[in-house]
Amino acid sequence: MAPKFQIKVFQLSRFIRNFTIISVVTLSFLLVFFSKTDYYLISGIKNLSSSVVIPITRFISAPVNVFSNFIDEYNQFRSLKFENKILQEEIIRLKKWQTLAIQNSRENKVLKKLLNATDNNLTLVKTASLINRNDTIYSKLINLNAGYEDNIKTNMSAINERGLVGKVIDTTSNNSRVILLTDPNLSISVKSISDGIFSLLTGNGDGKYLVSSFVKENKMPRLGDIVVTSGTAQIFPVDLLVGKVAKVEKNRFFVLPFVDFKNIDYVQIVTSK
Amino acid sequence: MEFSKFFNSSIKLNIILIISFSISVNSFILMPTINNSFYILFHLTFIYLIFYYYHYYLYLVALVYGILLDILLLNNIGAHIITFLSLLMIFVLLRKYLIRLSSFQIIFFYFITLIFLLLFEQILANLIHSYKFNISSIFNFILISLIIFIPTIFLFTKLDK
């Protein structure tokens, strides 16, 4: 009786094993297929990963975060004296600019009144804070604490006080994911302010510069030119600040973004009016 | 007794797997090397589990971590899940040959598997989701792998006693 029972148990465990392996393999290939066609299941998995997995991983990695912050504070403390000197010089420089800016602002107001012009071409959808970031390995993504319940939709633009941060690529009920400008897989159509040269910019892979992947009529902008979104692709609103031309080569140029991607705490999700 | 020993080491390795996964998916912008190192440690732990503690539950582990890594790092399911499952299947096919290898050969094979895995993920991400193949990131991974490989082996051997 006992050997018979053992054989039955062995056969059952073998059946469970084979069934598990076959179902896992089938399920994974189905998921790969569905991820391309964007079914409800994939959206559910993404929702689950944003709302459940990310908080857990944040909790587990909290000690490393504390350590990282400690190192950062130590480094900041070390460079305090040097930064203080730079800041003092900057204050003097900014005071001069402030006087000029106040004059220009007054002049602007008067001119706008004369032209009957509207101020802004943007509609603010939501101001969201960053909950975590995955911008070291593979893509340069950040996760925000607002989703489609806050009217955030894919392809909306994310900006902060310095300029364009990126584009919303995925939304769940309470979270959304933004691809940063520095990601090599994101292209933005831009124009230079001084010459109006149209081009396409992508991330350079180093996470610091943007590099031109296409320049209309091969006209290169000048060093130091300010680059803004052109609005031609109708994804990003027109005239959002992108960066400054930092390096010009024969067939391409590099742009240093205005946004400090290392220090993003809040972003605003906007659309064109 | 033997079962409890197996169970203990397996649990310890799974805890390492969870910790390394958590750290690798939360970017520490000031120290990106931490993310890369733990990403590689995750792969090393997973390969070690397959080599020394093969069990069919690893298919479920591969499925869960594959999906999560794909969603959190690539926003698309594909590269990691296919790589992990392929590794498991290849291991089942090659198991009878791997048993015959000497310890040095196993370590060499272990390292080659790691590099191949990282490379394969990049290639799949490029093929399936059109992610740009990043040579500098591959070199970075290889460099970190070279640095952390021996200490990791040492740690795992200590865990195994």
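Below, chain A is the first sequence line, B the second, and so on; all start at residue 1. Both backbone and side-chain heavy atoms feed into the values below; hydrogens, waters and symmetry mates do not.
Rounded to the nearest 0.5 angstrom, A:Ser49 OG and B:Leu68 CG are separated by 6.5 Å. Summarising the geometry, atom CD1 belonging to B:Ile77 is positioned 11.0 Å from atom CG belonging to A:Leu30; distances are rounded to the nearest 0.5 Å. Note that CG of B:Leu74 is 5.0 Å distant from OG of A:Ser139, once rounded to the nearest 0.5 Å. Taken from OG in A:Ser68 to CD1 in B:Ile23, the straight-line distance is 11.0 Å, to the nearest 0.5 Å. Atom-to-atom distance recorded for B:Ile71:CD1 and A:Ile45:CD1 is 5.5 Å, nearest 0.5 angstrom. The structure places NZ of A:Lys140 at 8.5 Å from OG of B:Ser27, a figure rounded to the nearest 0.5 Å.
When each of A:Asn18, A:Asn132, A:Leu48, A:Ile54 is scored by its heavy-atom pairs under 4.5 Å with chain B, the top score falls to A:Asn132. Among B:Ile19, B:Leu58, B:Asn35, B:Thr33, the residue with the largest count of heavy-atom pairs under 4.5 Å with chain A is B:Asn35. For the set B:Asn76, B:Ile34, B:Leu60, the entry with the most heavy-atom pairs within less than 4.5 Å of chain A is B:Leu60. Listed options B:Ile128, B:Leu63, B:Asn75 were ranked by heavy-atom pairs under 4.5 angstrom with chain A; first place goes to B:Asn75.
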Do A:Val25 and B:Met89 pass the side chain to side chain contact (heavy atoms under 4.5 Å, CB included) test, and can you show the C-alpha distance, the side-chain angles, and the key distance before you say yes or no?
-> CA-CA 10 Å; A:Val25 173; B:Met89 286 178 204; 3.1 Å; yes
Step by step, work out the side chain to side chain contact (heavy atoms under 4.5 Å, CB included) result for B:Lys132 and A:Thr202.
-> CA-CA 11 Å; B:Lys132 281 190 181 166; A:Thr202 57; 4.1 Å; yes
Test side chain to side chain donor-acceptor pair (under 3.5 Å) on A:Thr20 and B:Tyr59 and set out the steps.
-> CA-CA 8 Å; A:Thr20 313; B:Tyr59 281 89; over 6 Å; no
Give the C-alpha distance, both sets of side-chain angles, the deciding distance and a yes or no for side chain to side chain contact (heavy atoms under 4.5 Å, CB included) between B:Phe141 and A:Ile137.
-> CA-CA 10 Å; B:Phe141 282 155; A:Ile137 308 163; 3.8 Å; yes
Apply the test side chain to side chain contact (heavy atoms under 4.5 Å, CB included) to residues A:Ile60 and B:Phe21: give CA-CA distance (whole Å), side-chain angles for both, the deciding distance (0.1 Å), then the verdict.
-> CA-CA 10 Å; A:Ile60 295 171; B:Phe21 165 77; over 6 Å; no
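If you measure heavy-atom distances from A:Val64 to chain B, the contacts under 4.5 Å come from both the backbone and the side chain. Neither the backbone nor the side chain of A:Ile179 comes within less than 4.5 Å of any heavy atom of chain B. At a 4.5 Å heavy-atom cutoff, A:Ser23 makes no contact with chain B through either its backbone or its side chain. Residue A:Asp135 touches chain B through both its backbone and its side chain, counting heavy-atom pairs closer than 4.5 Å. Within the 4.5 angstrom heavy-atom criterion, atoms from both the backbone and the side chain of A:Arg133 approach chain B.
With hydrogens and angles ignored, the 3.5 Å screen pairs no side-chain donor or acceptor of A:Lys46 with any backbone N or O of B:Leu72. In terms of modelled atom types and a separation under 3.5 Å, the side chain of A:Ser61 and the main chain of B:Asn26 share no donor-acceptor contact.
For the pair B:Tyr39 and A:Tyr138, the minimum side-chain heavy-atom distance is below 4.5 Å.
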